[in-house]
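Here is how names work: the chains are called A, B, and so on, in the same order as the sequence lines, proteins then strands, and each is numbered from 1.
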Amino acid sequence: MSKMLAIRLMRLVVTVIVVSFVTFVGTNVLPGDPVNALIPIDAQQDREFVEQIREEWGLNDPMVVRYGRWLGDAVQGDLGRSLVTGQPVTDEITHRLPITFELMAVAVGFSLLIAVPLGAFTGYREGRRSDRLISGLAQAGLSLPVFVTGLILIYVFALRLHWFPAVGWNRLSDGLGPNLKSVALPALSLAITEIAVYTRVLRSDMIATLKENYILSARAKGLTDRFILFRHGLRPSLLTLVTVVGLNIGFLIGGSLVIEYLFAIPGLGKRLFSAIQQRDFMMVQAITVLITVFYVIVNTATDLVYMVVDPRIRRTN
Amino acid sequence: MSKLGLPPVITRAPSRLRRGPRNAEQMFPGSSGKSRFGNLFGKMPWLTKLCFLWLILVVLAAALADLIPGLADPNYQGFVFGDGKTNEGPTASHWLGTDNVSRDILARLIYGARVSLIFAFSLAAIGIIVGGTLGSIAGYFRGLLETFLMALVDTWLSFPALIGLVFITTMLGMRNLVVLVLVGAVFIWPSYTRIARATALSVSGQAFVTAARAIGTSRKRILVREIFPNVLPALLAYSLVGLPILIILESTLSFLGLGVEIPTASWGGMINQARQDLLINIWPAVWPAVTLFMTVYSFNNLADWVRTQAAARSAAI
């Protein structure tokens, strides 16, 4: 188990280094000069000034040297300064991170709250009318792109009914009510797809579990269906769901980028989007690496949770 | 050519014998009195039939868009030339009305289908060819190459694809369909490689591979004639599941303004353009959203049906 953990952690470090290096090379190889982000257009004509700026920011050093310097600073928590605003990147990220995190956490929490009972119920009623209805709806939910869901919600609940704000964000420090109001629609847009995915996954595992012998014996003992479903059936059926929740973090990150763009939420995704457009390479680099670290950690944690839930995997590894 | 000097045709059993009969029609030819395709279509539930017909309609419309008589030019802005109105309802000349710059919505839907389908199908094809080749080689030859390739795949997959796509497409500046497909290819191959390798691993252990080796078939020939043809069905099944995801991906990129360049019609781009005027005229957003949803849903429904059919068949054997 500890050897397993060590291998995992090593792979995590390797992945982060590879991804940060590839992003670094990418920002340097693709068209677009960081100097253009640093100084206004008329100043770019002045060759001497441009050279001075390049020297000042260390842009003339070989790429590997610059990468090494960046990595050295990054492990100490210094992600450099934004090429556009001049502010430390770390400050801006810590300012925006809670927003994106809240959005994603609310989306996942809400999805699980809805999907677990739905999945268990449809698995229990396999093939009945209620199962066919809910499974059909899940398939439809799966077919709705996040931005379409978001637009529908904006149109109905913000533009027509005026229950929620259409765009913008209220921080938790502005009060719980306004904060919840601004997180509701974006999180729900993300959650619709997630609910569909989770429900389907749990349903198919539940169907398999309910065919086991110990379920039959529980039934023979005269236990109620609900008791069997949630006390005997649920835990062994959660395996795939745990994995899928972990794997879907990738979808969630991409989705929150789209949702933050649509709802004009000042989170990390929106900042990444604008940073790419402004050629603010330090910012792009930092956010990309941060997202990757998060993604890889979640994946590693998923595998570990998997081992905790199912003792059989612990043994074979 | 084998070492025993047998003609190459002997190294491989006739496909009928090797794979076994697939259905009653193959086992007793002519017994059903229907062609294989008619059989398949007849067995679909009504909803899947509708989905199938819709997909045929979309593919035909996209392929034959230039030949449809009376279909408007998707980029023609009538009001500029004084013979059209913006935000028009359905009329005889514009069946679905016009958008906020008086372009024909139906024509834009049809040409937009072209972008979506070409993107999705070419990426699926690239995934099958590149991923299938790499995965088959890794899964059959094993060794250091496999270790290296799979580590690369794992690292690659630990990076959220949408972030990477947004990153590259913004940096590139020039975005036509060919560029988009090539950028997409960078992110599509790892998942296909992983599946091809897993399938190749299990195929390698099959008796017919051992038999081929026993009569002296070269490893290269086994890879091409035994492994790859048996990896292909798994990849095809996976690509059917992947197509709707690719269509959503294309529309999401277009929605973010990072798909094909305007004024080229694309479903996501149409929705993005129409969302500014939702309260004035909602239809330019509704039609592409509905078309997008129906197409994605149809692919999902068809993929689900194919999966249940395959499961039923393997259970019957």
Looking only at A:Val22, A:Val148, A:Val258, A:Val18, the option with the highest number of non-hydrogen pairs under 4.5 Å against chain B is A:Val258
In plain terms, say whether B:Arg307 and B:Asp304 are close enough for a salt bridge, that is, a side-chain N and a carboxylate O under 4.0 Å apart.
yes
Between A:Val146 and chain B, with a heavy-atom cut-off of 4.5 Å, which part of the residue counts as in contact: side chain, backbone, both or neither?
neither
A:Ile249, part contacting chain B, at a heavy-atom distance under 4.5 Å
neither
Would one find more than 12 heavy atoms of other residues, nucleotides or ligands at under 6.0 Å from atom CH2 of B:Trp54?
yes
For A:Ile291, is it the side chain, the backbone, both or neither that has a heavy atom under 4.5 Å from a heavy atom of chain B?
side chain
Top of B:Ile248, B:Val166, B:Leu256 for chain A proximity - count of heavy-atom pairs under 4.5 angstrom:
B:Leu256
Residue A:Trp70 excluded, over 12 heavy atoms near CH2 under 6.0 Å
yes
Test A:Asp205 against A:Arg200 for salt bridge (charged side-chain N to carboxylate O under 4.0 Å, His left out), laying out the working first.
CA-CA 9 Å; A:Asp205 273 21; A:Arg200 281 162 62 106; over 6 Å; no
Using modelled atom types and a 3.5 Å cut-off, is there a donor and acceptor pairing between side-chain atoms of A:Asn248 and backbone atoms of A:Phe251?
no
With a 4.5 angstrom heavy-atom cut-off, could you sort out which part of B:Asn272 is near chain A: side chain, backbone, both or neither?
side chain
Would you check, one step at a time, whether the test side-chain hydrogen bond (donor to acceptor under 3.5 Å, both in side chains) holds for B:Ser254 with B:Ser266?
CA-CA 7 Å; B:Ser254 300; B:Ser266 63; 3.2 Å; yes
Heaviest contributor of heavy-atom pairs below 4.5 Å to chain A, chosen from B:Ala151, B:Ala285, B:Ser251, is B:Ser251
Measure from NZ or CZ of B:Lys49 to the centre of the six-membered ring of B:Phe41 and say whether it is under 6.0 Å with the direction within 45° of the ring axis.
yes
Counting only non-hydrogen atoms closer than 4.5 Å, does B:Ile245 touch chain A with its backbone (N, CA, C, O), its side chain (CB onward), both, or neither?
neither
Taking every heavy-atom pair that is under 4.5 Å apart, which of A:Thr288, A:Val14, A:Leu151, A:Ile152 has the most such pairs with chain B?
A:Leu151
Would you mind checking which part of B:Ile282 comes under 4.5 Å of any heavy atom in chain A, side chain (CB onward), backbone (N, CA, C, O), both or neither?
side chain
